[in-house]
Amino acid sequence: MAIVKPFKAVRATGDKVAQVSSKAHAVYTPEMLSSKLARNPYSFLHVTTPAYIDPKKERSEKERFKLVQKQYADFKEQKIFTQDKIPAFYIYKKTTASKSFCGIIAASAVEDCLNNTIKKHEGTLKQRELLFENYLHNTGFTSEPVLLSYPDNAKITGILEKYSEYKANYEFTTANEDMHVLWVVTDAADIKKITSAFEEIDTLYIADGHHRSSASCLLAERLKKENAKHTGTEAYNFFMSYLVAESTLSIYEFNRFVKDLNGLSPQEFLDALKPYFTIKNYGQAFYKPSKKHAFSMYLEGEFYALNLKEAGYTFTDVLSKLDAQILYTTVLKPLLGIDDIRDDSKIVYSQNKSNGMELKTKVDTGAFKVSFGMCSTHVKELKEIVDAGLLMPPKTTYIEPKLRSALTIYEF
């Protein structure tokens with residue numbers, strides 16, 4: 001049984017929401033960030049990067065986060081943000097040039113993460129968990145929901161379709177021509193329908209936001225200990241989520257770029273691949289695999305197709321059938337000496353949503369010696385691995401939708 005509840009979101013006023021909401025802070029280069037801050041006084045980036053912070057002055061982590069909290073309070077004081085007076089669910093629809101996503105922004109229970117009702121497919125780094133938890137503790141809010149998927153559900157779909165016929169509370173288009181629409185759900189009957197529908201769902205899956213959800217669990221544990229009158233209903237027992245039907249997720253692959261051949265010559269490396277793969281040289285012709293257990297490789301100015309020889313590889317469980325795991329087990333670890341694929345500086349990842357030619361261009365710069373591409377993972381594979389109690393290698397999936405920051409804000 002999945003627990004979701006409405007909450008009183010802090011939101012930008014309707015006339016400013018298009019200017020306030022932003023992409024996640026991490027996607028901006030320093031140059032882009034500087035431009036955004038200079039041109040838009042209402043951008044939420046002024047909260048996450050307060051203009052008065054001297055970048056040359058060293059500050060502790062807590063001091064930086066407290067400055068974020070102050071700027072957030074200033075935005076509220078200026079009435080750029082206001083808090084809804086009654087709890088609500090928020091139906092959010094994002095339409096891109098190629099696809100439309102629609103789901104529900106809600107408060108999900110930390111307890112569901114602890115009891116495995118909400119399952120994760122990727123491991124987390126303790127250091128990042130603690131960083132995010134400290135951020136939440138010092139700022140008192142979160143502006144980016146955790147993306148959760150649920151099995152397609154006719155009752156929930158019916159509610160989404162019903163509200164799509166109503167006048168929206170927000171409707172705006174961003175510079176990349178994506179359309180963003182939001183409906184505020186305060187009707188008691190509809191709130192009951194939503195909560196009841198999710199109560200009938202056994203499992204939710206984290207699609208994006210593993211560190212944010214883990215940090216929320218740490219925060220709940222800390223604040224529970226600090227609160228002698230803890231009841232379990234406090235805001236810190238929940239975290240903001242965006243729930244979408246699993247069939248609507250878009251999953252892309254990550255390319256892998258490796259800086260050296262671990263002491264092997266190109267020919268020695270090719271020879272070392274032969275026990276595991278049949279190899280075809282495509283020369284300068286771009287090659288992208290079209291089936292599972294097939295990989296593209298770019299080495300010494302040429303593309304190669306690598307097709308797994310199943311006779312030379314043993315499938316031991318569902319994880320061992322995953323392409324990212326196969327590449328790690330047969331190539332990255334034994335041949336290229338990359339044991340910790342999360343932290344090893346020899347390997348770099350890049351999502352392959354739009355530019356498959358990066359496999360060539362990044363290697364041709366000389367920064368990398370070899371690159372690998374593969375097919376994207378299907379949501380069915382993801383669920384099978386998670387349900388088996390296993391975790392996927394890092395950077396296996398790049399999942400959309402990617403959400404705007406500060407469309408709704410959840411306070412603790």
Side-chain angles (χ1 to χ4, degrees), residues 2-3 23-27 47-49 59-69 72 105-149 203-227 230 232 234-243 254 319 324 339-345 347-349 351 382 385-386 389-399 402-403 405-406 409-412:
I3 299 172
K23 295 179 182 178
H25 184 278
V27 307
V47 173
T48 55
T49 312
R59 287 182 169 87
S60 69
E61 188 176 274
K62 182 175 181 179
E63 287 174 326
R64 295 197 307 272
F65 294 159
K66 285 299 183 184
L67 287 172
V68 172
Q69 182 191 49
Y72 174 62
I105 299 174
S108 288
V110 164
E111 182 61 30
D112 280 355
C113 292
L114 302 178
N115 65 25
N116 216 30
T117 296
I118 295 176
K119 295 183 177 182
K120 62 182 182 179
H121 70 262
E122 189 175 286
T124 52
L125 295 172
K126 195 63 178 179
Q127 184 176 357
R128 289 192 68 196
E129 288 181 7
L130 293 172
L131 174 68
F132 288 154
E133 188 267 344
N134 198 23
Y135 175 88
L136 297 174
H137 187 256
N138 282 285
T139 63
F141 70 87
T142 181
S143 58
E144 297 178 15
V146 174
L147 180 62
L148 301 178
S149 69
T203 306
L204 302 175
Y205 297 85
I206 299 176
D208 192 23
H210 287 80
H211 284 94
R212 294 195 297 277
S213 61
S214 295
S216 296
C217 293
L218 293 176
L219 179 72
E221 182 181 3
R222 180 199 284 204
L223 296 183
K224 177 181 178 180
K225 291 178 180 178
E226 295 176 359
N227 184 5
H230 172 83
E234 296 88 353
Y236 59 75
N237 294 290
F238 300 84
F239 60 92
M240 185 165 64
S241 61
Y242 179 50
L243 301 117
F254 276 90
L319 179 60
D339 187 52
D340 186 349
I341 51 177
R342 186 181 296 277
D343 285 337
D344 197 314
S345 61
I347 187 167
V348 172
Y349 304 89
Q351 58 88 3
L382 185 153
I385 290 169
V386 172
L390 302 169
L391 296 175
M392 300 168 75
K395 301 300 183 184
T396 297
T397 58
Y398 178 85
I399 299 180
K402 297 297 181 187
L403 308 179
S405 184
I409 295 174
Y410 184 81
E411 293 187 340
F412 303 102

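Aromatic rings from Tyr410 and Phe239 are positioned such that their centres are separated by 6.0 Å or more.
Checking Asn134 against Glu61 by side-chain atom types alone, a donor-acceptor pair falls below 3.5 Å. Using modelled atom types and a 3.5 Å distance limit, the side chains of Thr124 and Glu129 yield a donor-acceptor pair. Side-chain contact annotation: Asp208 with Tyr398, donor-acceptor N/O pair under 3.5 Å absent. No donor-acceptor contact under 3.5 angstrom links the side chains of His25 and Ser405, judged on distance only. Glu411 and Tyr236 share no side-chain donor-acceptor pair at under 3.5 Å.
With Ser241 as reference, Ser108 is the one residue of Ser213, Ser108, Ser216 to meet the side-chain hydrogen bond (donor to acceptor under 3.5 Å, both in side chains) rule.
For Tyr205, the side-chain hydrogen bond (donor to acceptor under 3.5 Å, both in side chains) partners at least two apart in sequence or on another chain are Asp387. Asp339 pairs by the side-chain contact (heavy atoms from CB on, under 4.5 Å) definition with Tyr328, Lys333, not counting sequence neighbours.
With hydrogens and angles disregarded, a donor-acceptor distance shorter than 3.5 Å links the side chain of Glu234 to the backbone of Gly232. In this structure, the side chain of Arg212 does not engage the main chain of Phe132 through any donor-acceptor pair within 3.5 Å. With hydrogens and angles disregarded, no donor-acceptor distance shorter than 3.5 Å links the side chain of His230 to the backbone of Lys225. The backbone N or O of Gly140 lies less than 3.5 Å from no partner atom in the side chain of Gln69, so there is not a single donor-acceptor pair. A donor-acceptor pair under 3.5 Å is formed between the side chain of Arg64 and the backbone N or O of Arg59. Panel note: side chain Asn227, backbone Leu223; no donor-acceptor pair is recorded below 3.5 Å. Although no hydrogens or angles enter the test, the distance criterion places no donor-acceptor pair under 3.5 Å between the side chain of Asp112 and the main chain of Thr117.
Expressed to the nearest 0.5 Å, how far CD of Glu122 lies from NE2 of His210 amounts to 5.5 Å.
Nearest heavy atom pair, residue Ile347 against residue Ile341, reads CG2-O, 4.0 Å.
A heavy-atom distance below 4.5 Å is not found between the side chains of Tyr135 and Leu219.
Taking a 6.0 Å sphere around CD of Gln127, one finds it holds 12 or fewer heavy atoms contributed by other residues, nucleotides or ligands.
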